[in-house]
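Single-structure report; data block below.
First listed ligand is number 1; within each ligand, the first listed atom is number 1. Not measured: the values here are computed from a predicted model. In what follows, every heavy atom counts, from backbone to side chain, and hydrogens, waters and symmetry copies are set aside.
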Amino acid sequence: MNVLGIETSCDETAACIVEDGRKVISSVVATQIDEHSLYGGVVPEIASRRHLEKIDRIVALTFEKVNLNFSDIDVIAVTNTPGLVGSLLVGVNFAKGLSFSLNKPLVAVNHLKAHIAANYINNEDLKPPFLGLIISGGHTNIVRVKDYCNFELIGKTVDDSIGEAYDKVGRALGLLYPAGAKIDKLSKIGDKNRYEFPKPTVENNIFDFSFSGLKTAVLNKINQEKLQEKKIIIENFCSSFQKIITEIVCEKIFLAAQKYNEKKIVVCGGVCANSNIRENLSKIAGLKGIKLYLPELRYCTDNAAMVASQGFYEAKNNNFEKDYSLNAIASYQFK
Ligand code: KG4
Ligand code: ZN
């Protein structure tokens, strides 16, 4: 089954054709990062306008690249939640129009489930159930993936997402948005023990995350050093911050694996492109005899391959839209 995936939830306009949920036939991603960088973050109004300008060309290019046409696809899958509502609406309406005019079935895809599905690509052996860790620009969740379409939320951030923490600390250090990859690179030449930042504790649920206290501690330290007219060594801040973030992520996910007796952990989202997080997760998983899955770097940040992959399983589950009332929903709670 060939699924056309469409993704416009934030600042990437993307389309992809995936065969049977695992094999990417053609993938195109157009990012708006350069434009949003000027403002220090995503400007929703600009994001939706750019999606609108590009979406038809991006979809056409996805077919042109591999000499396929609309008759070669069986299902259309589109991200409808969560994300920026104006951005989501562009993809949702485009997909609805395509589905109606081509008379092809439509499935709605949850962006977070799609991030998890990035791991199905080129990984024939990966099948639920498993424990999922979603670490992205907008979300930080631990989920039990009971089946392809059935998720149970067991941990979430109570304030900032992990990606936001990276981007806000980066901004204070004068790094352009998005700062995650830049911090990752700089931290390789910094001293990770130069600063001792606090590890936030979260009451009620040990699997919940909190990053705003850590972010504030880093910002306070930067300001303090500025006031003392010390030379700010960005690399040391990056390295010390990344060390504590990695510790938090590793502690929570392996504790959850222990509690739920899970032997498979699947990680996804933009922040899982982080070299230190990948390295430490792999090391600990190896020691504990847990099988760890990490998506290829190109499928960590937003793309449509993951949408088409999840779309395949939604279709297999018969989760087709019955009419054209599908809407964009900005926020989403796992049930
Ligand atoms: O998953 P994503 O593309 O967007 C959402 O769905 O939210 O993630 C974007 C986030 C940004 O916050 C960016 O700074 C972060 O992923 N990121 C990284 C790295 N590459 C991207 N964070 C840490 N290390 C990286 N190498
Ligand atoms: Zn995302």
Side-chain angles (χ1 to χ4, degrees), residues 5-14 16 27 29-34 36-37 40-42 44 47 51 78-84 87-88 91 109-119 132-141 143 156-157 160-173 175-188 190 209 211 214-215 218 237-239 241-246 248-250 267-281 294-307 309-310 330-332:
I6 295 176
E7 160 64 38
T8 62
S9 69
C10 190
D11 58 347
E12 266 87 30
T13 318
C16 184
S27 174
V29 181
T31 182
Q32 310 170 0
I33 279 179
D34 287 347
H36 297 292
S37 271
V42 177
H51 286 309
V78 65
T79 306
N80 81 312
T81 187
L84 300 170
S87 291
L88 287 164
V109 169
N110 176 298
H111 184 78
L112 303 179
K113 290 182 176 173
H115 267 300
I116 289 281
N119 284 279
L133 172 67
I134 304 164
I135 42 177
S136 75
H139 300 270
T140 316
N141 294 131
V143 288
K156 61 184 183 316
T157 178
D160 289 349
S161 77
I162 187 166
E164 263 178 288
Y166 262 99
D167 295 335
K168 287 176 180 169
V169 164
R171 191 174 179 168
L173 291 169
L175 303 172
L176 282 183
Y177 169 88
K182 297 175 187 96
I183 291 181
D184 192 5
K185 204 168 158 206
L186 289 168
S187 58
K188 290 191 201 310
F209 296 85
F211 293 106
L214 169 61
K215 172 200 70 190
V218 181
F237 274 102
C238 291
S239 212
F241 167 70
Q242 184 152 290
K243 177 189 158 202
I244 193 90
I245 282 261
T246 304
I248 296 167
V249 166
C250 290
V267 193
C268 65
V271 181
C272 119
N274 187 273
S275 60
N276 198 47
I277 293 179
R278 290 174 88 92
E279 212 175 280
N280 280 279
L281 284 171
L294 299 165
E296 285 176 46
L297 288 181
R298 64 186 153 155
Y299 300 131
C300 289
T301 44
D302 289 349
N303 63 85
M306 63 187 200
V307 178
S309 176
Q310 182 62 26
S331 60
Y332 176 82

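Remark: ligand 1 and His111 share an N or O pair separated by less than 3.5 Å (distance only, no angle test). Considering backbone and side-chain atoms alike, Asp184 places an N or O below 3.5 Å from some N or O of ligand 1. Considering backbone and side-chain atoms together, Gly269 places no N or O closer than 3.5 Å to any N or O of ligand 1. For a threshold of 3.5 Å applied to N or O pairs, the pair formed by Ser275 and ligand 1 contains no separation below that value. In terms of polar-atom proximity, defined here as any N/O pair under 3.5 Å, Thr301 makes no such contact with ligand 1. The shortest N or O to N or O distance between Asn274 and ligand 1 is under 3.5 Å.
The closest side-chain heavy-atom distance from Cys300 to Cys272 is below 4.5 Å.
For atom 12 (O) of ligand 1, the nearest non-hydrogen atom of the protein is Asp167 OD2, 2.7 Å. The single protein non-hydrogen atom nearest to atom 9 (C) of ligand 1 is Gly137 N, 3.7 Å, given as residue, atom name and distance.
At least one heavy atom of Ala181 lies less than 4.0 angstrom from ligand 1.
Heavy atoms of His139 found under 4.0 angstrom from ligand 1: none, in either backbone or side chain. Both the backbone and the side chain of Asp302 come within 4.0 Å of ligand 1, counting heavy atoms alone.
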Quick one: do Thr81 and Asn110 satisfy side chain to side chain donor-acceptor pair (under 3.5 Å)? Show the steps, please. CA-CA 5 Å; Thr81 187; Asn110 176 298; 5.2 Å; no
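Here Ile134 contributes atom CD1 and Thr157 contributes atom OG1; the two are 13.0 Å apart, rounded to the nearest 0.5 Å.
Side-chain polar atoms of Gln242 and Asp184 form a donor-acceptor pair below 3.5 angstrom.
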